[in-house]
Amino acid sequence: MNHGRLIRPPLCRWLRYDSSMDNRVDESSVTQRFYRARDTTSLGRAVQGARTARRYTQDELASMIDSSRPTISRLERGAAATSTDTLLDALAACGYELVVVPRGARITVTS
């Protein structure tokens, strides 16, 4: 619940991964078109949302990217101790990629 708090606009946006570039990802199972993240907490929630939309457990995702369940857990909690490579690998395994845009920019997500 928001309880009247303001939600700030994003700095980063998560876009659907192009499945023509990697046949491991079934684009039809990607349910949310993009995620917005401006801090490590919302970035972690985006990774968790992408993972749960694919119905992967933390163990399954960790195995897919040669990582560990505690690392995925830290990533989803927004802990700063996870690497950028782990973040990008986790997103790609879930069918997403990171796109950085200027603050306040408008973008269009198409498939």
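Treat the numbers as computed from the prediction; the structure is a model and nothing was measured.
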Side chain to side chain, T40 and T82, heavy atoms closer than 4.5 Å
no

Validation row: V100, L98 side chains within 4.5 angstrom (heavy atoms):
yes

Could you tell me whether a side-chain N or O of T52 sits under 3.5 Å from a main-chain N or O of R55, the two making a donor and an acceptor?
no

Does D59 reach the side chain of I72, with side-chain heavy atoms less than 4.5 Å apart?
no

Nearest heavy atoms of S68 and A62, plus distance in Å:
C-CB, 3.4 Å

Is there a donor-acceptor pair under 3.5 Å between the side chain of Y35 and the backbone N or O of L43?
no

Note: A93 and L61 closest approach over all heavy atoms is CB-CD1, 3.7 Å

Using a distance-only test with no angle check, is there a side-chain donor-acceptor pair under 3.5 angstrom linking D39 and S42?
yes

Any salt bridge linking E76 with R45? Criterion: basic side-chain nitrogen under 4.0 Å from a carboxylate oxygen.
no

Any side-chain heavy-atom pair from T84 and L88 closer than 4.5 angstrom?
yes

Interatomic distance, R54 atom CZ to M64 atom CE [nearest 0.5 angstrom]
7.0 Å

Between Y56 (side chain) and C94 (backbone), is there a donor-acceptor pair under 3.5 Å?
no

Considering all heavy atoms of both residues, which atom of L75 and which atom of V47 are nearest to each other, and what is their separation?
CD2-CG1, 3.9 Å

